[in-house]
Amino acid sequence: QVQLVESGGGLVQAGDSLRLSCVASGGSFSSYVISWFRQGPGKEREFVARIRGDGVSRWYADSVKGRFTISRDNAKNTVTLQMNSLKPEDTAVYYCAASNSLFGSNDPGAYKYWGQGTQVTVSS
């Protein structure tokens, strides 16, 4: 079983950057696909980005492609989401989630392990 803790959220202006971190404990971290999801006010939880255990394969939602970068450091049990050129529509609670499937999924229902979330607010 793996425990996940997110950090790095905050209040920024449009065009600014933020760097979110997801630190894992327990389990074999490098065997997990780690994903970031977000849930805005009154919205369903949506996929943002995910990365396989080897750090080579990465996927992004179209809405963040070219602005967000997901990376991982297996030695530090950490996955990072670098968010650049932030927009007000990026405002949400951001969650990391872990899956031990081969490729992971864009479906939040496919994930068993979740962090508590970190709030990102982007003002216009």
Side-chain angles (χ1 to χ4, degrees):
Q1 185 168 342
V2 62
Q3 293 81 43
L4 305 170
V5 178
E6 304 96 335
S7 62
L11 171 63
V12 297
Q13 294 185 333
D16 286 350
S17 298
L18 272 178
R19 188 178 181 91
L20 305 184
S21 294
C22 173
V23 179
S25 59
S28 178
F29 180 71
S30 63
S31 70
Y32 286 95
V33 172
I34 303 294
S35 295
W36 285 95
F37 291 84
R38 66 187 182 186
Q39 189 164 14
K43 298 181 180 179
E44 294 186 350
R45 194 166 297 190
E46 65 174 0
F47 168 75
V48 175
R50 74 176 188 271
I51 186 169
R52 282 191 61 187
D54 59 8
V56 175
S57 298
R58 314 175 193 199
W59 296 264
Y60 297 93
D62 287 343
S63 59
V64 307
K65 204 171 292 183
R67 300 188 298 122
F68 291 11
T69 302
I70 189 170
S71 60
R72 69 189 294 159
D73 184 341
N74 286 339
K76 296 182 179 180
N77 284 8
T78 300
V79 170
T80 298
L81 185 69
Q82 177 66 43
M83 306 187 296
N84 298 329
S85 302
L86 283 162
K87 304 175 181 180
E89 51 263 44
D90 294 319
T91 294
V93 177
Y94 283 71
Y95 301 89
C96 64
S99 168
N100 55 12
S101 68
L102 186 59
F103 294 103
S105 171
N106 291 1
D107 178 7
Y111 290 78
K112 182 177 180 180
Y113 306 110
W114 290 86
Q116 83 290 348
T118 185
Q119 176 71 48
V120 171
T121 303
V122 184
S123 63
S124 57

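Positions are given from 1 along the sequence.
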Quick one: does [X]'s side chain get under 4.5 Å of [Y]'s, heavy atoms only?
{"X": "Glu6", "Y": "Leu20", "value": "no"}
{"X": "Leu81", "Y": "Phe68", "value": "yes"}
{"X": "Trp59", "Y": "Ser57", "value": "yes"}
{"X": "Ile70", "Y": "Val79", "value": "yes"}
{"X": "Thr91", "Y": "Gln119", "value": "yes"}

Distance from [X] atom [atom1] to [Y] atom [atom2], nearest 0.5 Å?
{"X": "Glu89", "Y": "Arg38", "atom1": "CD", "atom2": "CZ", "result": "8.0 Å"}
{"X": "Trp36", "Y": "Ile51", "atom1": "CH2", "atom2": "CD1", "result": "12.0 Å"}
{"X": "Asn84", "Y": "Arg19", "atom1": "CG", "atom2": "CZ", "result": "9.5 Å"}
{"X": "Arg52", "Y": "Ser99", "atom1": "CZ", "atom2": "OG", "result": "11.0 Å"}
{"X": "Cys22", "Y": "Leu4", "atom1": "SG", "atom2": "CG", "result": "4.5 Å"}
{"X": "Arg50", "Y": "Arg58", "atom1": "CZ", "atom2": "CZ", "result": "13.5 Å"}

Verify the cluster assignment for [X] and [Y]: are they in a single hydrophobic cluster under the rule of side-chain heavy atoms below 4.5 Å apart?
{"X": "Ile34", "Y": "Leu18", "answer": "yes"}
{"X": "Val23", "Y": "Val2", "answer": "no"}
{"X": "Val12", "Y": "Tyr94", "answer": "yes"}

Inset, instruction - Give a yes/no verdict on a cation-pi contact between Arg72 and Phe29, requiring under 6.0 Å between NZ or CZ and the six-membered ring centre and an angle within 45° of the axis. - result: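 Cation-pi check for Arg72 and Phe29: passes.
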
Legend entry - Plane angle bin for Phe47 and Phe37 - parallel if under 30°, tilted between 30 and 60°, otherwise perpendicular: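 Geometry flag for Phe47 against Phe37: perpendicular rings.
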
Closest non-hydrogen atom pair, [X] against [Y]:
{"X": "Val120", "Y": "Gly9", "result": "CG2-CA, 4.1 Å"}
{"X": "Met83", "Y": "Leu86", "result": "CB-CD2, 3.8 Å"}
{"X": "Ser17", "Y": "Ser85", "result": "OG-N, 4.3 Å"}
{"X": "Pro88", "Y": "Ala14", "result": "CD-CB, 4.1 Å"}

Legend entry - Carboxylate-amine/guanidinium contact Lys87 Asp90, below 4.0 Å: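 Salt bridge absent between Lys87 and Asp90.
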
Inset, instruction - Check the surroundings of atom NZ in Lys43: do more than 12 heavy atoms from other residues, nucleotides or ligands lie under 6.0 Å from it? - result: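 Not more than 12 within 6.0 Å, no.
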
Inset, instruction - Output yes when a side-chain donor or acceptor of Tyr111 lies under 3.5 Å from a complementary backbone atom of Gly104, and no otherwise. - result: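 Answer holds: no.
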
Legend entry - Check: Gln82/Thr80 side-chain N/O donor and acceptor closer than 3.5 Å: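 Result is no, nothing qualifies.
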
